[in-house]
Colleague: 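Next up is a structure, given as C-alpha cells.
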Amino acid sequence: MVSYFAQDKTSGLIMSGGLNACLQWAFNRIAKSPESVIAIIKARPAEDARVIADVDKTGGRWVFGGRYVPKREVSKLTKAAHGS
C-alpha cells in the first residue's frame, strides 16, 4: 500500500491521502498562500519515503530522484497529517 503526503514547507501543515487529493490540496494551498512551497511525498510501509513532486507559485513539477525521508520522519508526518 502506498501513502501520499503533502507538506507545506513554509507553515508546516501536512495533508495525507491519495496522490490526486494531495496535489489538489497543494494547488489550493498555493492559491491561498502564494509564498508556500509544498513537497509531495510518497511512502510505502517499512521503507524510507521519497519526495516525488514540488508545488509552488510557478506551478508543479515532478522530482525524479528526489530526496529520501527517513522512516522515523514518516511516522511524525502520519501523526501530524490531516486526512482527506
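Note that the structure is predicted; figures quoted are calculated from it, not measured.
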Colleague: Identify the heavy atoms of C22 and S16 that sit nearest to each other, and give their distance.
Modeller: SG-C, 4.2 Å

Colleague: Please identify each residue that fulfils salt bridge (charged side-chain N to carboxylate O under 4.0 Å, His left out) with K57, with sequence neighbours left out.
Modeller: none

Colleague: Minimum heavy-atom separation for E35 and T10, please, with both atom names.
Modeller: O-OG1, 3.6 Å

Colleague: Which distance, rounded to the nearest 0.5 Å, do you find between the CG of L77 and the NZ of K71?
Modeller: 15.0 Å

Colleague: So, using salt bridge (charged side-chain N to carboxylate O under 4.0 Å, His left out) as the criterion, who are the partners of K9 when residues are at least two apart?
Modeller: D54

Colleague: Closest heavy-atom contact between D48 and P70?
Modeller: OD1-CA, 3.6 Å

Colleague: Going through the distances and angles, do W25 and L13 end up as a side-chain contact (heavy atoms from CB on, under 4.5 Å)?
Modeller: CA-CA 11 Å; W25 181 85; L13 289 175; 4.1 Å; yes

Colleague: Does E47 have any salt bridge (charged side-chain N to carboxylate O under 4.0 Å, His left out) partners at least two apart in sequence or in another chain, and if so, which?
Modeller: none

Colleague: Check whether any side-chain heavy atom of V51 lies under 4.5 Å from a side-chain heavy atom of F5, and answer yes or no.
Modeller: no

Colleague: To the closest 0.5 Å, what do you measure between CG (N20) and CD (Q24)?
Modeller: 8.5 Å

Colleague: Just list the side-chain donor-acceptor pairs under 3.5 Å for residues 61-69, sequence neighbours left out, or say none.
Modeller:
from, atom 1, to, atom 2, distance (Å)
R61, NH2, D56, OD2, 2.7
Y68, OH, R50, NH1, 2.7

Colleague: Below 4.5 Å, heavy atoms only, C-beta onward: do L23 and Y4 meet side chain to side chain?
Modeller: no

Colleague: For residues 36-46, which side-chain N or O atoms pair as donor and acceptor with protein atoms under 3.5 Å away, sequence neighbours left out?
Modeller:
from, atom 1, to, atom 2, distance (Å)
S36, OG, D8, OD2, 3.1
S36, OG, S33, O, 3.2
S36, OG, S33, OG, 3.1

